[in-house]
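Worksheet: one structure, shown below.
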Amino acid sequence: MKIIEVNNYQEMSQKAAEYIIDKVCHFPRITLGLATGGTPIGTYKNIIEDHKKNGTSYQNVTTFNLDEYIGLSPENKNSYRYFMNEQLFNHIDINKKNTHVPHGNVEDYQKECTRFEELISKHGGIDLQILGIGSNGHIGFNEPGTSFTSTTHIVNLAPSTIKANARYFNRLEDVPTKAITMGISTIMKSKEIILLVSGENKSEALSKLLSAGVQESFPASVLKNHPYVTIIADKAAVAGLKVHCK
Ligand code: PGA
């Protein structure tokens, strides 16, 4: 794992965006794995700005998102499909048909898991996956204890995840308790991974990731088994690491 330390959230976002843009320029048919949450918003902003300024094209790019809440329709403002449209897809020239977010409001969830997993395989897998990390070490919505062999599946969200995500909802009770997520093995099949870590509230998770062994009780630790992972972390996230290592 390579770790790049940057000064702050803005620099992290800029670095990640530059990396993605460079890949898209060199490989216009690239398949990107995308994340939601507060962490990648700045990266998407930079991608949009570059698209407007320099005309980087996403016409032939395919994307797969990590996860979606169960029970939310794509029109629901808290759904991850809505988030992606608002934060990125509506502002670049990507063909929406090539953007894939798991469907959170279907009748047969098992079928949806299989469909999503197969779709990724059919596209030849993910070339570059962008990840955030939960303070409990989750990647995607793979909460602690998820099997490393898991493929796309339905999860019960951890209480800490529900609490962390409640900031986007009117009430804690409105946060869905289940989600569909790419599995750990789905994520690990990506050819390359960028993990974005920003802020003091993620420093403990980063510290644990770097110091702990590879174990299912801390899902992100599996990334140590991947040959091409780059962590872009800001000073606030890294500061805790130094304290922890003393
Ligand atoms: P955040 O979430 O980017 O909103 O901090 C990351 C995650 O939970 O994976």
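Read the numbers this way: they start at 1 and go in the same order the structure lists the ligands and their atoms.
Counting protein heavy atoms only, atom 9 (O) of ligand 1 is closest to His138 NE2, 3.2 Å. The nearest heavy-atom contact from the protein to atom 2 (O) of ligand 1 is Lys202 NZ, 4.0 Å. Here the heavy atom of the protein found nearest to atom 3 (O) of ligand 1 is Thr39 OG1, 2.4 Å. When hydrogens are left out, the protein atom nearest atom 6 (C) of ligand 1 is Ile133 O, 3.6 Å; that is the closest non-hydrogen contact.
Salt-bridge annotation for Arg115 and Glu112: present, with a side-chain N of the basic residue lying under 4.0 Å from a carboxylate O of the acidic one. Salt-bridge formation is detected for the pair Lys23/Glu192: a Lys NZ or Arg NE/NH1/NH2 atom is positioned less than 4.0 Å from an Asp or Glu carboxylate oxygen.
A donor-acceptor pair under 3.5 Å is absent between the side-chain atoms of Asn65 and the main chain of Asp67, judged by distance alone. Tyr228 places no side-chain N or O within donor-acceptor distance of the main-chain N or O of Lys191, the cut-off being under 3.5 Å.
For ligand 1, none of its N or O atoms has an N or O atom of Gly37 under 3.5 Å away.
Considering every non-hydrogen atom in both Ser57 and Val24, the closest pair reads O-CG1, 3.4 Å.
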